[in-house]
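Step one of this worksheet: look at the structure below.
Within every chain, numbering begins at 1; the chains are lettered A, B, ... in the order of the sequence lines, protein sequences first and strands thereafter. Only a predicted model underlies this, so the values are computations on that prediction, with no experimental measurement involved.
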Number of protein chains: 2
Amino acid sequence: MKTRDKILLASLELFNERGERNTTTNHIAAHLAISPGNLYYHFRNKSDIIYEIFQEYEKLVDYYLVIPDDRPLTVADMTFYLESVFDGLWSYRFFHRDLEYLLDCDPRLRSDYRDFTNRCLAAMKTIFEKLAEAGIVQEQPEELREVMALNIWLVVTNWMAFLKTAHGSTGDEGLSLTALKQGIYQVLTLEMPYLMPEYRDEVLAIREKYRPVLPEQRDSVVA
Amino acid sequence: MKTRDKILLASLELFNERGERNTTTNHIAAHLAISPGNLYYHFRNKSDIIYEIFQEYEKLVDYYLVIPDDRPLTVADMTFYLESVFDGLWSYRFFHRDLEYLLDCDPRLRSDYRDFTNRCLAAMKTIFEKLAEAGIVQEQPEELREVMALNIWLVVTNWMAFLKTAHGSTGDEGLSLTALKQGIYQVLTLEMPYLMPEYRDEVLAIREKYRPVLPEQRDSVVA
DNA sequence: CTATTATTAGAGTATATACTCTACTCAGTC
DNA sequence: GACTGAGTAGAGTATATACTCTAATAATAG
């Protein structure tokens with residue numbers, strides 16, 4: 001594997017584990033057992049590394065959110081969208097953690113991220129539309145779809161942060177797959193009132209699979 | 001005004017404007033035209049300043065969320081809760097911006113914040129309960145109230161961040177009161193499906209007042 | 001084999017950051 | 001009028017951070 005790619009990979013790993021703020025370029029180099037000079041041979045600066053990682057993230061999510069235009073959407077599609085998006089979010093979780101600072105540092109990133117957000121919101125709106133066409137959710141006015149999409153976006157992008165702040169101790173330890181998936185439960189709860197009777201039970205059954213074992217795990221998960 | 005209080009005030013101001021990460025103790029001292037030594041005479045370290053500001057924030061929100069137990073809740077109460085919470089959020093907006101890092105730095109803060117979150121969620125659940133008793137929203141199972149409260153919490157606490165990231169350029173300039181209040185619109189949209197027919201129109205009229213002028217302001221607000 | 005280019009090491013730098021230390025002032029008090 | 005102690009100034013420190021520079025080595029092309 002090329003050094004350049006190794007740098008990207010190690011950066012992502014360290015950013016996710018310890019936060020971008022706590023990860024210096026020297027740390028990254030040390031982690032790979034290469035010299036700082038070497039790192040700066042491959043990247044002009046730290047921002048460039050972050051920018052490139054963002055672009056991967058963007059590509060991944062765009063790929064996940066492709067909407068078939070030759071067939072109606074199914075409940076399975078909806079589940080897949082949710083699962084995928086949370087997976088993507090998990091893989092690049094450092095990004096949403098320090099989002100505001102990162103955008104302040106890099107105007108390119110700010111404008112790209114804005115476009116990215118709008119693209120995601122638009123995709124969500126289309127998904128709603130097609131779910132309505134498929135008779136899974138009720139038809140809704142354009143405007144409501146828009147506001148709903150935004151609410152779901154807020155829940156999805158901040159679910160991870162909530163888990164990390166609401167739970168005990170410091171790090172990732174407490175963040176299990178179960179907890180992660182409770183995010184899907186949250187989103188499906190938002191959609192619930194809009195489900196068509198014919199599909200209501202099916203979707204509720206899926207939702208049930210993501211229900212947290214404990215109603216609310218408010219204690220530290222560490223032993 | 002005592003130097004100590006001036007430090008707290010200036011810190012909050014600078015944190016909100018430029019972010020905690022971009023505000024050093026030296027900046028704070030310079031802003032007040034006092035020496036760094038003086039600042040450190042009043043506070044052991046930066047964390048202590050932040051912790052104390054958080055306690056103010058906590059007190060304010062706790063005060064806002066007091067629930068009357070001698071009378072049923074009204075639609076006006078609900079509006080007041082929403083308005084107040086967004087005001088509080090605005091006054092201490094730096095806090096949610098760098099939340100994860102701040103909690104990593106200070107275990108006291110982490111545990112206090114966890115309690116604070118739980119208190120807020122509990123208050124929201126109680127508010128739902130009392131709104132149902134008052135016939136404003138439908139009775140819901142305990143579990144649904146809990147999940148709904150959490151969704152609203154996510155929308156409320158991250159609304160500001162969304163505005164700052166989704167809009168153009170860098171700073172606060174774009175963040176108008178109108179934009180801020182669109183957050184209330186988002187929350188009321190979440191509640192909409194659960195409104196009782198008798199109050200539906202009244203609440204929808206209130207919601208309408210917070211509707212953004214433009215459906216989606218996706219351009220930079222700066223001239 | 002040679003020339004060129006890509007890659008790397010590693011010491012070094014300028015700047016910033018959180019924080020300390022010493023000394024001074026000045027209001028109140030015995 | 002000496003004494004105390006809260007309050008303040010301001011220079012100073014240890015450390016870290018992002019990044020640079022030079023020189024050496026590996027890879028590759030002609």
Short heteroatom pairs, N/O only, protein and nucleotides 6-12 of chain C, under 3.5 Å:
| residue | atom | partner | partner atom | Å |
| --- | --- | --- | --- | --- |
| C:dT7 | OP2 | A:Tyr41 | OH | 3.1 |
| C:dT8 | OP1 | A:Thr3 | OG1 | 2.7 |
| C:dT8 | OP2 | A:Thr3 | OG1 | 2.9 |
| C:dT8 | OP2 | A:Asn38 | OD1 | 3.3 |
| C:dT8 | OP2 | A:His42 | NE2 | 2.7 |
| C:dT8 | O5' | A:Asn38 | ND2 | 2.9 |
| C:dA9 | OP2 | A:Ser35 | N | 2.8 |
| C:dA9 | OP2 | A:Ser35 | OG | 3.4 |
| C:dA9 | OP2 | A:Asn38 | ND2 | 3.2 |
| C:dA9 | N7 | A:Ser35 | OG | 3.0 |

So, with a heavy-atom separation below 4.0 Å from DNA chain D, the residues of residues 45-55 of chain A are A:Asn45, A:Lys46
Hits for side-chain hydrogen bond (donor to acceptor under 3.5 Å, both in side chains) against B:Ser91, two or more places apart or cross-chain, chain-then-number order -> none
Sorted by chain and number, sequence neighbours left out, side-chain hydrogen bond (donor to acceptor under 3.5 Å, both in side chains) with A:Glu58 holds for A:Arg119
Residue set satisfying side-chain contact (heavy atoms from CB on, under 4.5 Å) with B:Ala161, at least two apart, ordered chain then number -> A:Glu100
Hits for side-chain contact (heavy atoms from CB on, under 4.5 Å) against B:Lys130, two or more places apart or cross-chain, chain-then-number order -> B:Ile67, B:Leu73, B:Thr126, B:Glu133
The side-chain hydrogen bond (donor to acceptor under 3.5 Å, both in side chains) partners of A:Asp106 (sequence neighbours excluded) come to A:Arg108
Residue set satisfying side-chain contact (heavy atoms from CB on, under 4.5 Å) with A:Arg145, at least two apart, ordered chain then number -> A:Lys125, A:Phe128, A:Glu129, A:Gln140, A:Glu142
Could you go through nucleotides 23-26 of chain C and list every protein N or O atom that sits under 3.5 Å from one of its N or O atoms, giving the distance for each pair?
none

Here the ring pair (Phe, Tyr, Trp, His ring centres under 6.0 Å) pairs for residues 37-63 of chain A, sequence neighbours left out, are A:Phe54-A:Phe95, A:Phe54-A:Phe116, A:Tyr57-A:Tyr92, A:Tyr57-A:Phe95, A:Tyr57-A:His96, A:Tyr57-A:Phe116
With sequence neighbours left out, the residues meeting side-chain contact (heavy atoms from CB on, under 4.5 Å) with B:Lys6 are B:Met1, B:Leu32
Sorted by chain and residue number, the side-chain hydrogen bond (donor to acceptor under 3.5 Å, both in side chains) partners of A:His27 (sequence neighbours excluded) come out as A:Thr24
